[in-house]
Amino acid sequence: IMAQTFLNLAQGVTGTLPTSNYVQGKVNQIIFAETTSNTSQTGTSYADTNLVGSITPSATNSKILLTITDHVFLQHTNSHDDMGGAFRVKRTIGGSNTTLYQNANAFEGWYASDRNGISNRHYINTITWHYLDTSHSTTSAITYRHQIAAYRGNDNARIESSYNSQRANMTLMEVLA
């Protein structure tokens, strides 16, 4: 059992708390997007998934916190011992696309290795990751798109987003400065 301690902040606390003890900012809006429509990619190039979210910031200096959760499938059917997948977020403002984040290598998003040379391996995992967009400088609509790429373009490697019609979701939070 964990012990709990409660403080009555109305009594017994005097002075001002230093600003380093809390994060400034206020969540202005939250947008939730989801899909159960899967996307499969067999190549090492990034492909759009069906997970897309849009938000219109109320201030040019606000931050957008993205949280992405996806039910991902990896497969290879030849004798390589390893496989993997990479993830990327693409931002679109007024028709202009910017890559906000991507794994440096195609195996860094999710990597699996069995080291026994067995072919036709399948792995399923739920991934969650976060990104803080601090560079949008707009009050126009912003669209964020989740993208995937396979580690190996050979060996019949495949990565799939929203595998088996499982839900993938994106939460966008505007945090005011």
Side-chain angles (χ1 to χ4, degrees), residues 29-57 63-136 138 140-175:
Q29 61 177 312
I30 299 173
I31 303 294
F32 183 79
E34 66 180 349
T35 185
T36 56
S37 180
N38 68 327
T39 303
S40 185
Q41 171 64 342
T42 57
T44 56
S45 297
Y46 282 93
D48 289 346
T49 70
N50 292 308
L51 184 55
V52 180
S54 294
I55 191 168
T56 302
K63 298 175 176 96
I64 308 297
L65 176 62
L66 292 81
T67 301
I68 294 174
T69 301
D70 196 357
H71 195 71
V72 181
F73 172 83
L74 291 178
Q75 174 187 30
H76 74 87
T77 58
N78 288 334
S79 60
H80 270 97
D81 292 332
D82 63 348
M83 65 183 135
F87 308 103
R88 175 165 83 176
V89 171
K90 181 174 66 175
R91 178 184 69 197
T92 304
I93 302 172
S96 177
N97 295 322
T98 303
T99 296
L100 289 182
Y101 173 82
Q102 75 179 37
N103 295 119
N105 295 296
F107 57 83
E108 288 181 353
W110 179 22
Y111 179 79
S113 176
D114 54 41
R115 295 293 177 205
N116 61 14
I118 296 174
S119 63
N120 203 22
R121 286 292 198 185
H122 303 85
Y123 295 90
I124 301 168
N125 198 6
T126 300
I127 58 110
T128 298
W129 55 285
H130 310 277
Y131 182 82
L132 184 63
D133 182 2
T134 60
S135 64
H136 64 79
T138 188
S140 298
I142 304 172
T143 301
Y144 297 94
R145 181 174 296 273
H146 174 49
Q147 297 181 313
I148 56 174
Y151 169 41
R152 298 190 181 280
N154 54 9
D155 289 346
N156 297 317
R158 176 169 65 116
I159 184 171
E160 191 170 315
S161 170
S162 193
Y163 173 66
N164 200 25
S165 298
Q166 295 294 313
R167 184 179 71 181
N169 61 64
M170 178 186 298
T171 303
L172 306 171
M173 286 189 276
E174 180 188 16
V175 180

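For the numbers below, each heavy atom of this structure counts, side chains included, while hydrogens, waters and symmetry mates do not.
Atom CD1 in Ile142 sits 9.0 Å away from atom CG in Leu172 (nearest 0.5 Å). With rounding to the nearest 0.5 Å, the separation of OG1 in Thr99 from CZ in Arg88 is 4.0 Å. Considering CG of Asp48 and OG of Ser161, their distance stands at 10.5 Å, rounded to 0.5 Å. The CD1 atom of Ile64 sits 4.5 Å away from atom NE2 of His136, with the distance rounded to the nearest 0.5 Å. Of the inter-residue distances, the one linking Asp70 atom CG with Asn38 atom CG reads 10.0 Å to the nearest 0.5 angstrom. Note that CD1 of Ile93 and OG1 of Thr138 are 5.5 Å apart. Values are rounded to the nearest 0.5 Å.
Pro57 and Ser140 make their closest contact through CD-O, 3.3 Å (heavy atoms, listed as atom of the first residue, atom of the second, distance). Heavy-atom minimum distance, Leu100 versus Ser135: CD2-OG, 4.5 Å. Between Val52 and Ala33, the shortest heavy-atom distance links the atoms O-CB, 3.2 Å. The two residues Asn50 and Thr39 have their closest heavy-atom pair at ND2-OG1, 3.2 Å. Residues Ser45 and Ala149 share a closest heavy-atom pair of O-CB, 3.6 Å. Between Glu34 and Leu51, the shortest heavy-atom contact is CA-CD1, 4.2 Å.
For the pair Tyr144 and Ile68, the minimum side-chain heavy-atom distance is 4.5 Å or more. Using a 4.5 Å heavy-atom threshold, the side chains of Asn125 and Val72 count as separate.
Every residue meeting the ring-ring contact (aromatic ring centres under 6.0 Å, His included) condition with Phe73, not counting sequence neighbours, appears here in chain and number order: His122, Tyr163. Remark: Tyr101 engages Trp129 in a ring-ring contact (aromatic ring centres under 6.0 Å, His included) (not counting sequence neighbours).
Between the side chains of Ser162 and Thr36, no donor-acceptor pair is found at a separation under 3.5 Å.
Between the side chain of Thr92 and the backbone N or O of Ser96 there is no donor-acceptor pair closer than 3.5 Å. With hydrogens and angles disregarded, a donor-acceptor distance shorter than 3.5 Å links the side chain of Thr49 to the backbone of His146. Checking side-chain atoms of Gln29 against main-chain N and O of Thr56 turns up a donor-acceptor pair under 3.5 Å.
The local environment of NZ in Lys90 is crowded, with over 12 non-hydrogen atoms from other residues, nucleotides or ligands closer than 6.0 Å.
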- Query: Do Ile148 and Tyr46 pass the side-chain contact (heavy atoms from CB on, under 4.5 Å) test, and can you show the C-alpha distance, the side-chain angles, and the key distance before you say yes or no?
  - Reply: CA-CA 5 Å; Ile148 56 174; Tyr46 282 93; 5.8 Å; no
